[in-house]
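Structure first, commentary second.
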Amino acid sequence: MALMVESDAHVDEVPLAQGWRDFADVLAAGVDRVILYGPPGTGKTFAALHFATLGGAAERLICTEDLTTADVTGTWMPAGHDRWEWLEGPAVRAWRRGGRLVVDEVDRAAGDVLSLLLAMTDTDGSAQWQHPHTGEIVRPAESFTVVMTTNIERLEELPVALRDRFPVAVRIDRPHPASVRRLSADLRRPALSGTLGEEDRRVSLRTFYAFDQLRERHGAERAAHLLFGETRAQAFLDALVIGALER
Ligand SMILES: Nc1ncnc2c1ncn2[C@@H]1O[C@H](COP(=O)(O)OP(=O)(O)O)[C@@H](O)[C@H]1O
Ligand SMILES: [Mg+2]
């Protein structure tokens, strides 16, 4: 990703987490179907949207139980008082453009959307979609890529057929160095190490951003209380101090 960033010894001396290295290697090799999975708040969605997105800005589907097939391939829209036309959805747009389709939180997609996703993420040779109005057969342009993200840990929970379309799944368990540079210097390393908080209650990037913002106005103690509550606030502050001493 093209991000101009100041160098920062504290961040630069932390080796790039394996997951981020894997993701970069996989994209560089031209693999065009990748799953990013792991705990929330590590920058999976951000990376899916911005890393190596040839063909312009990524198209994003956020899967919820309310997402419908119309949100994926498109829907009829009124165009004048007795005319309807098909408005193409993000997946078709990404196909045509040869861009990136990001399927965010894929584990939450409902059954009919999942079936459609099977079709829209199929191998380039097999994938095709027919325009319901013009009958045009659309196929994904060669540079089309899909990155799916999910916070689930067990990929077996995804439908086998969908999983099968994505030969590579990369587990991301730490923030990317670029993401912590937005933080005050003393928070960057703790945020990057991803070890603050117990395994099942890790302090996510979003929480670090909020802590930084609250601390600026209200001081560290109050910020920690607002974010973590009475019982966990002190543990967080202690961990920050220990983190600061370690470096
Ligand atoms: N490389 C980055 N540069 C700047 N901000 C980032 C970067 N990666 C993540 N963020 C920010 O961190 C937050 C969490 O990232 P997100 O991609 O939503 O995480 P996840 O999908 O793993 O839950 C978001 O506010 C996002 O904008
Ligand atoms: Mg996400």
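Numbering of residues begins at 1 and proceeds along the displayed sequence. Order of appearance sets the numbers: ligands from 1, and atoms from 1 within every ligand.
For the Mg ion (ligand 2), the N/O/S atoms of Thr45 include one lying under 2.8 Å.
Aromatic pair Phe46/His176: ring centres not closer than 6.0 Å.
No more than 12 heavy atoms of other residues, nucleotides or ligands lie within 6.0 Å of CD in Glu230, so this atom counts as exposed by the packing criterion.
Residue contacts with ligand 1: Phe46 is placed with a nitrogen or oxygen under 3.5 Å of a nitrogen or oxygen of the ligand (distance criterion only). Considering backbone and side-chain atoms alike, His176 places every N or O at 3.5 Å or more from each N or O of ligand 1. For ligand 1, the polar-atom distance check finds an N/O of Gly41 within less than 3.5 Å of one of the ligand's N/O atoms.
Residues Arg171 and Gln18 have side chains not in contact (no heavy-atom distance under 4.5 Å, counting atoms from C-beta outward). Looking at heavy atoms from C-beta onward, Arg165 lies in side-chain contact with Leu118 at the 4.5 angstrom threshold. By the 4.5 Å heavy-atom criterion applied to side chains, Leu101 and Phe144 are counted as neighbours. For the pair Glu105/Asn151, a side-chain contact is recorded, criterion being any heavy-atom separation below 4.5 Å from C-beta on.
Annotation for ligand 1: atoms under 4.0 Å from non-hydrogen atoms of Gly43 are 8 (N), 9 (C), 15 (O), 16 (P), 17 (O), 19 (O), 20 (P), 22 (O). Which parts of ligand 1 touch Thr42 is read off a 4.0 Å heavy-atom cut-off, strictly below it: atoms 19 (O), 20 (P), 22 (O). The ligand atoms of ligand 1 that sit less than 4.0 angstrom from a heavy atom of Pro40 are 23 (O). Listed by number with element, the atoms of ligand 1 under 4.0 angstrom from any heavy atom of Leu205 are 9 (C), 12 (O).
Only the side chain of Arg206 comes within 4.0 Å of ligand 1, judged by heavy-atom distances. Heavy atoms of Arg182 found under 4.0 angstrom from ligand 1 belong exclusively to the side chain.
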Give the table of side-chain donor-acceptor pairs shorter than 3.5 Å for residues 106-115, with sequence neighbours excluded, one pair per line with atom names and distance.
unit_1 : atom_1 : unit_2 : atom_2 : d
Asp107 : OD1    : Thr150 : OG1    : 2.7
Ser115 : OG     : Gly111 : O      : 3.0

